[in-house]
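For reference, the structure is listed below as structure tokens.
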Amino acid sequence: MADEETAIEVPSELIRVNGAVAEASLSADGTLRWGSRGGERCLSLESEVLGLETIGLRITIKAFLEASERGFCGFERSSVKRRRVRRDYTLEMPNEAAARRWSAKLRDYMDSLGRPKNLFIIVNPFSGKKCARTVLKKEIMPLLAAADIDCTIIETKHRNHAQEITKSLDLLKYDGIVCVSGDGVLVEVVNGLLNREDWATAIKVPLGVIPAGTGNGMVKSLLDPAGDLCSIPNATFAVIRGHRRSLDVAIVLQGEKKFFSVLLLIWGLVADVDIESEKYRWMGSPRFNIYALLRIMKLRKYHGHVHFVPAPGYEAYGEPVKQVGNFKGHILLSKQDQGSATTVKSCGYQGPEISLEGLEWRSIVGPFVSIWVNNVPFSAEHYIPAPKAKFSDGFLDVIIVRNCPRSALLGMMLKMSDGSYVKSPYVMYLKVKAFRLEPGKRVGHPTKGGIIDSDGEVIARGDESAVNSEHKYLMAYGPPIQMIVDQGLATIFSPMS
């Protein structure tokens, strides 16, 4: 490795940088340095450069810098979220031999980073404020072109179109699949990949998310820990750099019906706000706050029952389940159960090959105001319901609210942006390996149920609209809905490995 890194180095020599004579060098760690009487300046090829272009004696370095970056080595960066800007640096070589040498060394280092060369991009033109086409043309494609990445682009035409596309896509042609949308297209892509016959290979294809929707919870969860502003350019650059990280996937089951979740499952207040506020989608993200106020003023509670296998450290929550025989055996499929089960279709991924037998199940009885099961910290750009959630810890973060006055709910809503609402005495926050929800009717309204929403998809509904609608939901409202998480099953492009 040391010999390889040394081979990439370029010793210091006199060239011109943006027309000014400078002493320049390229170090083994991919740092380009140049200096004159004005001081030394530097660029990190890995974290600040999109690509490069050589024409004759000139090499153009296509940089993507922090807006506050002054280009001086050792400059102390701001603690605020990073915003980047495009800037080019032209290196003019003294002769052809120097141009060939510098160009080869720079390209060798860039090639060693393992960045994607060919991407399949799925665009949802109907997401959010219907700006995805404009975003793609004006903000995303210029960056991908600067990085010399080839792209195949397709627009979704209808619901579940992205799932249909990825279910039959020739994945060998691409280094990743990128979703230009809200969170919905990503969810469809994951479900498409896991319903393929070659799902075990397909789900390892890196997935990228560029925000063009209303929620954008996944991309916010990816960019925020890296100190990056949740923006289209930053999300695009995360894909270009090609860093990958594992992502947990939860399987949601009811009989032979299944759904693969990477974000959340919600029931009660939060689901009512998310789905019933769809009529105000034209407002963008503010629709959630406005409709939440309306729903809190006319607060609903739901009868129900939850069971869960707690993560280590969370065993004190709920009451222990005394029935340990068939009760545990049929809550979720264990490895042994999967081999003989006939209720789940055999096509595609069937769930994690782990056994839950011998683990202690616990239970909590309603009524409930809200139940929120999260896989990542953010559910939307300005809401962080699960501040302790990790991408691949093998657990789901569950937030339960039961008896809570309206004034406390209003206060909690104001603290959703930083996650501090979880400190409320009315919030129960725990991590689980498996989860089972038995949803009941609305308190005081024995004929009215609620909404169960997984990753923005209504999978079950028990209110009037479900009774009067011709739409067939994936699952029934009332019978148990079960979740179990498969640790690190999927792979996603991320600014941090």
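Considering only heavy atoms from C-beta on, Ile165 comes within 4.5 Å of Phe120 through its side chain. Proximity of Leu207 to Val189: side-chain heavy atoms (C-beta onward) are separated by under 4.5 Å at one or more points. Between Pro439 and Tyr477 there is a side-chain heavy-atom pair separated by less than 4.5 Å. Taking the side chain as every heavy atom from C-beta outward, Leu171 and Arg196 approach each other to under 4.5 Å. Val458 has its side chain out of reach of Ile452: every pair of non-hydrogen atoms, C-beta onward, lies at least 4.5 Å apart. Side-chain contact between Ile251 and Asp486 is absent, with no heavy-atom pair separated by less than 4.5 Å. Taking the side chain as every heavy atom from C-beta outward, Val49 and Phe64 never approach each other to under 4.5 Å. You'll find the side chain of Leu264 stays beyond 4.5 Å of the side chain of Val376, heavy atoms only.
At least one donor-acceptor pair closer than 3.5 Å links the side chain of Asn234 to the backbone N or O of Leu229. Panel note: side chain Glu188, backbone Asn160; a donor-acceptor pair is recorded below 3.5 Å. Judged by distance alone, with hydrogens and angles left aside, the side-chain atoms of Arg402 form a donor-acceptor pair with the main-chain N or O of Val365 at under 3.5 Å. Judged by distance alone, the side chain of Ser379 and the main-chain N or O of Pro385 form no donor-acceptor pair under 3.5 Å. Side-chain N or O atoms of Arg362 include one that pairs as donor or acceptor with a backbone N or O of Tyr317 at under 3.5 Å. Under the 3.5 Å distance criterion, the side-chain polar atoms of Tyr426 are left unmatched by any main-chain donor or acceptor of Ala408. Side chain of Asp455 to main chain of Leu263: a donor-acceptor pair is present (N/O by atom type, distance under 3.5 Å, no hydrogens or angles). Side-chain atoms of Gln254 come within 3.5 Å of backbone N or O of Ala476 as a donor-acceptor pair. Checking side-chain atoms of Ser44 against main-chain N and O of Ser47 turns up a donor-acceptor pair under 3.5 Å. Under the 3.5 Å distance criterion, the side-chain polar atoms of Arg245 are left unmatched by any main-chain donor or acceptor of Pro495.
Counted by atom type alone, Glu438 and His303 present zero donor-acceptor pairs between their side chains at under 3.5 Å. Side-chain atoms of Ser392 and Asp248 include no donor-acceptor pair closer than 3.5 Å.
Other residues, nucleotides and ligands place no more than 12 heavy atoms under 6.0 Å from the CG atom of Asp148. Under a cut-off of 6.0 angstrom, the local environment of NZ in Lys167 is sparse, with at most 12 non-hydrogen atoms contributed by other residues, nucleotides or ligands. By the neighbour-count criterion of 12 heavy atoms within 6.0 Å, atom NZ of Lys390 is sparsely surrounded, having that number or fewer from other residues, nucleotides or ligands.
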Quick one, Val209 with Phe493, criterion side-chain contact (heavy atoms from CB on, under 4.5 Å). Give me CA distance, side-chain angles, the key distance, then yes/no.
CA-CA 8 Å; Val209 192; Phe493 287 118; over 6 Å; no
Evaluate side-chain contact (heavy atoms from CB on, under 4.5 Å) for Leu430 paired with Ile399, printing each intermediate quantity in order.
CA-CA 7 Å; Leu430 61 150; Ile399 295 91; over 6 Å; no
side-chain contact (heavy atoms from CB on, under 4.5 Å) assessment of Ile400 paired with Ile364:
CA-CA 10 Å; Ile400 297 175; Ile364 298 173; 3.8 Å; yes
Salt bridge (charged side-chain N to carboxylate O under 4.0 Å, His left out) for Asp393 and Lys431? Distances and angles first, verdict last.
CA-CA 10 Å; Asp393 63 355; Lys431 286 179 173 284; 3.1 Å; yes
Residue pair Ile177, Val205: steps toward the side-chain contact (heavy atoms from CB on, under 4.5 Å) verdict
CA-CA 7 Å; Ile177 301 172; Val205 173; 4.2 Å; yes
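Scanning all heavy atoms of the two residues, the minimum distance from Ile451 to Trp267 falls at O-CD1, 3.3 Å. Here the shortest heavy-atom pairing between Lys441 and Gly462 reads NZ-O, 4.3 Å. Closest of all the heavy-atom pairs between Val239 and Val178 is CG1-CG2, 3.8 Å. In terms of heavy atoms, Pro367 sits closest to Val443 at CB-CG2, 3.8 Å. Of all heavy-atom pairs between Pro233 and Glu139, the closest is CD-OE1, 3.7 Å. Across Met413 and Ala292, no two heavy atoms sit closer than the pair SD-CB, 3.4 Å.
Separation of the Phe308 and Trp361 ring centroids does not fall under the 6.0 Å cut-off.
Here CG of Leu409 is found 6.5 Å from CG of Leu269. Values are rounded to the nearest 0.5 Å. With values rounded to the nearest 0.5 angstrom, Leu45 atom CG is found 11.5 Å from Leu50 atom CG. With rounding to the nearest 0.5 Å, the separation of CG in Asp175 from NZ in Lys117 is 9.0 Å. Cys404 contributes atom SG, which lies 5.0 Å from atom CE of Met412 (distance to the nearest 0.5 angstrom). In this structure, the separation between CZ on Arg295 and CZ on Arg406 is 10.5 Å, given to the nearest 0.5 Å. Taking CG from Asp198 and OH from Tyr349, the interatomic distance works out to 15.5 Å, rounded to the nearest 0.5 Å.
Stacking of Lys388 on the aromatic ring of Tyr429 is recorded, both the 6.0 Å distance cut-off and the 45° axial limit being met. By the 6.0 Å and 45° rule, Arg241 stacks over the aromatic ring of Phe237.
Comment: Arg300 engages Asp272 in a salt bridge, judged by a side-chain N to carboxylate O separation of less than 4.0 angstrom. Ion pairing between a basic and an acidic side chain is recognised when a charged N comes within 4.0 Å of a carboxylate O; Arg84 and Asp228 show such pairing.
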Let me check something: any side-chain donor-acceptor pairs from residues 218-226 under 3.5 Å, sequence neighbours excluded? List them with distances.
residue, atom, partner, partner atom, Å
Ser221, OG, Gly217, O, 2.9
Ser221, OG, Phe378, N, 2.9
Asp224, OD1, Lys81, NZ, 3.2

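Taking the six-membered ring where the residue is Trp, His161 and His158 present parallel rings, their angle staying beneath 30° rather than reaching 60°.
Qualifying side-chain contact (heavy atoms from CB on, under 4.5 Å) partners for Lys415, counting only residues two or more places apart in sequence or in other chains: Asp418, Ser420, Tyr421.
Checked options Val373, Ile484, Val252; the residue passing with Phe435 is Val373 (criterion: side chain to side chain contact (heavy atoms under 4.5 Å, CB included)).
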